[in-house]
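Because the structure is a prediction, the values reported are computed rather than measured. Only heavy atoms go into these numbers, but all of them, side chains included; no hydrogens, no water, no symmetry mates. Order of the sequence lines sets the chain letters (A, B, ...), proteins ahead of strands, with each chain counted from 1.
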There are 2 protein chains.
Amino acid sequence: MRIGELSRITGVDIETIRYYEKLGLMPRPDRSPNGYRSYRPEHLERLSFIRHCRALDVPLTEIGRLLDFVARPAADCGDIDQLIDQQLTRVRARLKSMRALEKQLAALRTRCGRPHDAAACGILQELVAAAQGEACACHGNTSWTIGGRAASR
Amino acid sequence: MRIGELSRITGVDIETIRYYEKLGLMPRPDRSPNGYRSYRPEHLERLSFIRHCRALDVPLTEIGRLLDFVARPAADCGDIDQLIDQQLTRVRARLKSMRALEKQLAALRTRCGRPHDAAACGILQELVAAAQGEACACHGNTSWTIGGRAASR
DNA sequence: GAAAACCATGGAGCGGCTGCAGGGTCAAGC
DNA sequence: GCTTGACCCTGCAGCCGCTCCATGGTTTTC
């Protein structure tokens, strides 16, 4: 099977497949006489495994480690355990901060009712005030300019 | 105030401050005769604003847009509204998928009890099986190798 | 007067792709 | 036989939001 077919079946972009090969996550496939990559069912399997792990947000380096475990069935399983634990911890931490973030954004959203000038916009006022309260309770500049415009963008 | 002090007050890395300047988010400060950047309170304010938005996970490009609104108080507020809405939608979508992810990882975690060979590890078995079920119910290879090792990593 | 702390610039690197330039290969239709 | 279009190749640049580094100048402290 050529790379296009593999891509269609798995839903993985062609460039991404080649990228995985370059990283060494996918084994180098045989080549047809014309130089085209020629994949076998095992490649499909392996690519599916990688994508499944990516869907679980496992970094590519750790997927590499998992694949090593798969290759050495006698290895101790504790490391796999730990890897999943780490991932779970990461996800839970991120989840926590995102929940807080959602709350803040939702609160911010309610500050802006119907159309009006930006000068009167509760959202902007809130953002500016929060920033001022955060970093410098010291100098109390409450102007609307926040330090003027940048030179060029 | 020099860049180091600004960095200390705001907790923003020096390199990051210079980066924001390069992007045009921070206005170019005056320079001392020796070439050092010389910041005024407005810069502090503006940097705080940027960081506050970043803490809300607002992308730098959108922070730029917000700063534009701040500079043009007469602009219509609907766009700000929309910007926050978009952000909220993004965050909620991400939250949803992360909750699903946490569930999957937690389930995976319970599959591995005490120490044992990787060959018998429920986590790996689960991952491999899930990947196989996902992409190819068609060829049914259930070997443990997932397409062999890559050439080199 | 030496050492340490501070500042400058420009550029590379991170992860995980994605896109593009500039080519080669192959099958179908005229 | 020739064009069109789909497919494939390699290698390299770009995305985001920083972070780090090399190399060199300046200021402060002991």
Side-chain angles (χ1 to χ4, degrees), chain A residues 1-26 28-39 43 47 49-67 83 86-87 90-91 94 97-98 101 150 153, chain B residues 1-26 28-39 43 47 49-67 86-87 90-91 94 97-98 101 150-151 153:
Chain A
M1 142 182 36
R2 293 189 308 189
I3 200 168
E5 198 185 346
L6 183 61
S7 168
R8 262 189 306 279
I9 295 177
T10 57
V12 180
D13 195 283
I14 289 180
E15 314 271 6
T16 306
I17 297 174
R18 287 199 278 247
Y19 175 67
Y20 288 166
E21 182 183 329
K22 205 167 71 186
L23 293 190
L25 286 178
M26 285 291 284
R28 267 192 258 274
D30 292 339
R31 298 289 182 134
S32 307
N34 58 15
Y36 289 7
R37 288 174 178 78
S38 176
Y39 293 99
H43 290 100
L47 185 54
F49 179 85
I50 295 172
R51 289 312 280 194
H52 183 75
C53 292
R54 284 298 299 138
L56 293 174
D57 230 15
V58 178
L60 293 179
T61 48
E62 299 201 355
I63 295 176
R65 290 181 54 207
L66 278 177
L67 286 168
L83 196 152
Q86 280 168 12
Q87 178 62 13
R90 251 204 312 274
V91 167
R94 183 92 185 112
S97 77
M98 290 208 47
L101 171 54
R153 270 224 322 287
Chain B
M1 140 182 39
R2 295 190 307 192
I3 199 169
E5 196 183 349
L6 183 61
S7 169
R8 261 188 307 277
I9 294 176
T10 56
V12 180
D13 196 283
I14 289 179
E15 313 272 4
T16 305
I17 297 173
R18 286 199 279 248
Y19 175 68
Y20 289 164
E21 182 182 330
K22 205 167 72 185
L23 292 190
L25 286 178
M26 285 291 286
R28 268 192 259 274
D30 292 339
R31 298 289 183 133
S32 307
N34 58 14
Y36 289 7
R37 287 173 177 80
S38 175
Y39 292 98
H43 290 99
L47 185 54
F49 179 85
I50 294 172
R51 289 312 279 193
H52 184 74
C53 293
R54 284 297 298 136
L56 294 174
D57 229 15
V58 178
L60 293 179
T61 49
E62 299 201 355
I63 295 176
R65 290 180 55 206
L66 279 176
L67 286 166
Q86 279 167 14
Q87 178 63 14
R90 252 204 311 274
V91 167
R94 184 91 183 114
S97 78
M98 289 205 49
L101 172 53
R153 270 223 323 288

Is the phosphate of [N] approached by [X] (side-chain N or O, under 4.0 Å from OP1 or OP2)?
X      : N       : result
N34(A) : dG24(C) : no
T16(B) : dG17(D) : no
R37(B) : dT9(C)  : yes
R51(B) : dC18(D) : yes
R31(A) : dT10(D) : yes

Practice task
Please state whether the base of dC20(D) and the side chain of E15(B) form at least one donor-acceptor pair under 3.5 Å?
Solution key: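 Indeed, a donor on one side and an acceptor on the other fall under 3.5 Å apart.
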Exercise for the section: Return yes if the base of dG15(C) and the side-chain atoms of Y19(A) contain a donor-acceptor N/O pair under 3.5 Å, otherwise no. Expected result: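 Flag unset: no donor-acceptor pair detected.
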Atom [atom1] of [X] and atom [atom2] of [N]: how far apart are they, to the nearest Å?
X      : N       : atom1 : atom2 : answer
D30(B) : dA8(C)  : CG    : P     : 13 Å
L47(B) : dC18(D) : CG    : C1'   : 14 Å
L25(A) : dG16(C) : CG    : P     : 10 Å
I17(A) : dG19(C) : CD1   : P     : 15 Å
D13(B) : dC14(C) : CG    : C1'   : 15 Å
Y36(B) : dC6(C)  : OH    : P     : 11 Å
I14(A) : dA6(D)  : CD1   : P     : 13 Å
Y39(B) : dC6(C)  : OH    : P     : 16 Å

Practice task
Report the C-alpha distance between F49(B) and L66(B) in whole Å, list the side-chain angles of each, state the deciding distance to 0.1 Å, and finish with yes or no for side-chain contact (heavy atoms from CB on, under 4.5 Å).
Solution key: CA-CA 10 Å; F49(B) 179 85; L66(B) 279 176; 4.2 Å; yes
Handout entry: Nearest-nucleotide comparison on DNA chain D, the residue closer to the 5′ end among R2(B) and V58(B)
Key =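 Residue closer to the 5' terminus by nearest nucleotide: V58(B).
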Practice task
Take P33(B) and G4(A), find for each the nucleotide of DNA chain D with the closest heavy atom, and name the residue whose nucleotide sits nearer the 5' end.
Solution key: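 The answer here is G4(A).
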Exercise for the section: For residues G4(B) and I14(B), report the shortest heavy-atom separation together with the two atoms involved. Expected result: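 Between these two residues, the closest heavy atoms are CA-CD1, 4.1 Å.
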Handout entry: Separation of E5(B) CD from S38(B) OG (nearest 0.5 Å)
Key =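 Rounded to the nearest 0.5 Å, the OG-CD separation comes to 10.0 Å.
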Practice task
Output the distance between atom CG (L60(A)) and atom CD1 (I50(A)), rounded to the nearest 0.5 Å.
Solution key: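 Between L60(A) CG and I50(A) CD1, I get 8.0 Å after rounding to 0.5 Å.
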Practice task
For the side chain of L60(A), starting at C-beta, report the closest nucleotide among dT18(C), dC17(C), dG17(D).
Solution key: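 Per side-chain heavy atoms of L60(A), the pick is dC17(C).
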Handout entry: Nearest listed nucleotide, side chain of I3(A), among dC8(D), dC7(C), dG17(D)
Key =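 Minimum distance to the I3(A) side chain belongs to dC8(D).
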Practice task
Going by the side-chain contact (heavy atoms from CB on, under 4.5 Å) test, name the single residue among H43(A), R28(A), M26(A), E21(A) that passes it with R37(A).
Solution key: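 Of the listed options, the one satisfying the test is E21(A).
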Handout entry: Comparing R18(B) and Y20(A) on DNA chain C - which has the more 5′ nearest nucleotide
Key =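 So the residue in question is R18(B).
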